[in-house]
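Below you'll find the structure, written out as structure tokens, and then a few comments.
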Amino acid sequence: MSIENIVATVTLDQQLDLYAMERSVPNVEYDPDQFPGLIFRLESPKVTSLIFKSGKMVVTGAKSTEELIKAVKRIIKTLKKYGIKITGKPKIQIQNIVASANMHVHVNLDKAAFLLENNMYEPEQFPGLIFRMDDPRVVLLIFSSGKMVITGAKREEEVYKAVKKIFDKLNELDCIKPIEEEEELEI
Amino acid sequence: RWRKWQIRARIQSSIDRNLAQAMNELERIGNLLGLPKSVKDEAALIYRKAVEKGLVRGRSIESVVAASIYASCRRIKIARTLDEIAQYTKANRKEVARCYRLLLRELNVEVPVSDPKDYVTRIGSLLGLSGATMKLAAEILEKAKNAGLTAGKDPAGLAAAAIYIAALMNDERRTQKEIAQVAGVTEVTVRNRYKELIQELKIEIQNQ
DNA sequence: ATTTTACTTTGCAAAGC
DNA sequence: GCTTTAAAAAGTAAAAT
């Protein structure tokens with residue numbers, strides 16, 4: 001199981017002059033007619049930040065909480081380096097965690113679509129079965145390969161719980177079949 | 001008391017006006033698609049439920065009508081793609097698809113998972129193929145399903161490939177291009193599904 | 001005819017139209 | 001509702017080679 005993307009909001013309790021930032025900070029995109037936020041891309045950790053004049057920002061692309069915190073520190077350090085005055089410490093809130101996982105089994109999506117509640121399986125529109133779980137409140141995209149995407153979580157713990165729960169549930173409903181040729185891993 | 005009656009009457013007349021307009025749209029699109037009365041009636045029932053639950057607010061009547069028609073086709077197993085239905089509306093496929101998903105989530109409309117076999121009849125008759133060939137295509141699809149080859153794949157593409165194979169075997173050969181065209185998928189998709197089917201099901205085709 | 005690039009689906013925040 | 005950002009899954013599509 002691996003976390004693929006974390007979306008977080010950062011609150012700096014101060015107003016920001018985005019026009020001034022566009023002039024002094026290199027490699028930023030700001031087109032208020034297109035979108036009210038200024039786009040700032042950090043190379044390492046590789047994240048993208050949307051900065052608003054209210055002093056709030058959205059940081060996307062981090063693959064772990066540690067990476068997210070490091071990225072926020074570096075973004076603020078970079079802004080300060082180019083003369084943007086920032087006071088106080090940022091409040092970071094994780095809003096969404098996107099993860100992927102592999103159950104290493106084959107899933108019978110037709111059967112799962114019949115037996116699971118709150119699911120949608122429309123292969124003409126998307127190859128995965130969409131399952132909305134109530135607890136933890138997340139959405140899973142389940143593929144016949146046994147791989148899946150988990151989204152909507154606010155804590156890593158919810159991701160682990162959801163993966164365990166869906167595996168047990170699919171197992172109970174007899175929608176899972178082992179993959180006979182567990183190939184690969186050549187040297 | 002009067003207030004309550006007035007509010008109810010006002011809401012009812014608003015629903016009636018909406019329904020009247022929707023039924024015209026339904027009739028128009030349904031006829032352009034050449035749908036039987038049963039499908040139009042079913043779609044009308046679904047649309048009525050949607051209006052009564054207030055699902056049409058903020059959405060165009062036309063796109064909800066199109067979504068109702070699609071849901072009805074799926075229930076009655078009349079193979080029609082979202083694109084075919086959306087082409088007669090001002091809304092695009094994406095908007096009709098989102099309305100359709102809304103109907104699935106908010107109404108108690110049971111729609112079975114689409115079966116590639118439902119596309120065989122339509123594609124086969126559009127190409128003027130024999131019943132035997134369509135039957136063979138359906139058998140190929142049944143084997144494919146049992147072999148776990150159909151999960152997540154576009155049923156129209158699977159049906160197109162099965163028909164291509166069945167037609168070859170029965171000496172009624174059609175090109176991948178013409179099959180792809182009536183199935184509403186690309187030649188590449190027909191080719192990919194075809195390769196997978198003959199390989200995994202070990203189908204041998206003698207006719208060149 | 002293959003490869004690359006791009007779009008489909010899901011979740012979420014930000015400010016403004 | 002829309003706009004913008006990010007990322008995965010597997011399928012399909014369109015454009016490039």
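Chain letters run A, B, ... following the sequence lines, proteins first, then strands; residues in each count from 1.
Nucleotides D:dT3 and C:dC7 place their P atoms 13 Å apart, quoted to the nearest Å. On the C1' atoms, C:dT9 is 13 Å away from D:dT12, given to the nearest whole Å. Spacing between C:dA1 and D:dA9 at atom C1', rounded to whole Å, works out to 27 Å.
In terms of phosphate contacts, B:T186 brings no side-chain nitrogen or oxygen within less than 4.0 Å of OP1 or OP2 of D:dT12. Residue A:S54 has a polar side-chain atom (N or O) positioned under 4.0 Å from OP1 or OP2 of C:dA15. For A:T48 and D:dA6, the shortest distance from a side-chain N or O to OP1 or OP2 is below 4.0 Å. Contact check, A:S100 against D:dA9: no side-chain N or O comes under 4.0 Å of OP1 or OP2. Here B:R98 does not reach the OP1 or OP2 of C:dT9: none of its side-chain N or O atoms lies under 4.0 Å away. Note on A:K53: a side-chain N or O is less than 4.0 Å away from OP1 or OP2 of C:dG16. Using a 4.0 Å cut-off, some side-chain N or O of B:R193 falls inside it from OP1 or OP2 of D:dT12.
Looking at heavy-atom distances under 4.0 Å, A:I39 makes contact with sugar-phosphate atoms alone, never a base. Counting any heavy atom pair closer than 4.0 Å across all strands shown, A:V59 reaches no nucleic acid atom. Using a 4.0 Å heavy-atom distance criterion, A:S49 is classed as making no nucleic acid contact. Here A:S2 lies out of heavy-atom contact (under 4.0 Å) with every strand. Nucleic acid contact for B:K195: sugar-phosphate only, since backbone atoms but no base atoms lie under 4.0 Å from a heavy atom of the residue. Residue contacts for B:G152: at a heavy-atom cut-off of 4.0 Å it reaches the sugar-phosphate backbone alone, with no base atom in range. Here A:R137 lies out of heavy-atom contact (under 4.0 Å) with every strand.
Closest to the B:V185 side chain, of the nucleotides D:dA8, C:dT10, D:dA13, is D:dA13. When distances are taken from the side chain of A:T60 to each of D:dA6, C:dA14, D:dA9, the shortest belongs to D:dA6.
Side-chain atoms of B:R174 come within 3.5 Å of backbone N or O of B:L127 as a donor-acceptor pair. Put simply, the side chain of A:Y121 gets close to the backbone of B:G152: a donor and an acceptor are under 3.5 Å apart. In this structure, B:R173 contributes its side chain and B:A167 its backbone to no donor-acceptor pair below 3.5 Å.
Between the P atom of D:dT12 and the CZ atom of A:F143 lies a distance of 13 Å, rounded to the nearest Å. Computed from coordinates, the B:K94 NZ to C:dC7 P distance equals 10 Å when rounded to whole Å. Atom pair A:E124:CD and C:dC7:P shows a separation of 22 Å (rounding to whole Å applied). As rounded to whole Å, 9 Å separates atom P of D:dA8 from atom NZ of A:K46. Protein atom CZ of B:R191 is 16 Å distant from nucleotide atom C1' of D:dG11, rounded to whole Å. Here the P atom of nucleotide C:dA13 and the CG atom of A:N96 are 9 Å apart, to the nearest Å. When rounded to the nearest whole Å, the span between CG of A:N102 and C1' of D:dA10 equals 13 Å. In this structure, A:N5 atom CG and D:dT5 atom C1' are separated by 9 Å, rounded to whole Å.
Remark: C:dC17 base-pairs with D:dG1; criterion is Watson-Crick or G-U wobble with both hydrogen-bond distances under 3.5 Å. The base-pairing partner of D:dA16, taking Watson-Crick or G-U wobble contacts with both distances under 3.5 Å, is C:dT2.
Between B:E142 and B:K117 there is a salt bridge, with a side-chain nitrogen of the basic residue lying less than 4.0 Å from a carboxylate oxygen of the acidic one. Here B:R193 pairs with B:E196 in a salt bridge; the nearest charged N to carboxylate O distance falls below 4.0 Å.
Place A:P36 and A:S144 on DNA chain D by their nearest nucleotides, and A:P36 ends up nearer the 5' end. Each of B:R59 and A:F52 has a nearest nucleotide on DNA chain D; the 5'-most of these lies closest to B:R59.
If you check the side chains of A:E124 and B:S114, you find a donor sitting under 3.5 Å from an acceptor.
Residues from residues 163-176 of chain A that place a heavy atom under 4.0 Å from any atom of DNA chain D: there are none. Applying a 4.0 Å cut-off to non-hydrogen atoms, the residues of residues 146-153 of chain A that approach DNA chain D are A:K147, A:V149, listed by residue number.
The distance from the CD atom of B:E25 to the OG atom of B:S60 is 9.0 Å, given to the nearest 0.5 Å.
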Could you go through A:V138 and A:V159, starting from their C-alpha distance and side-chain angles, then the distance that decides it, and tell me whether this counts as side chain to side chain contact (heavy atoms under 4.5 Å, CB included)? CA-CA 8 Å; A:V138 299; A:V159 177; over 6 Å; no
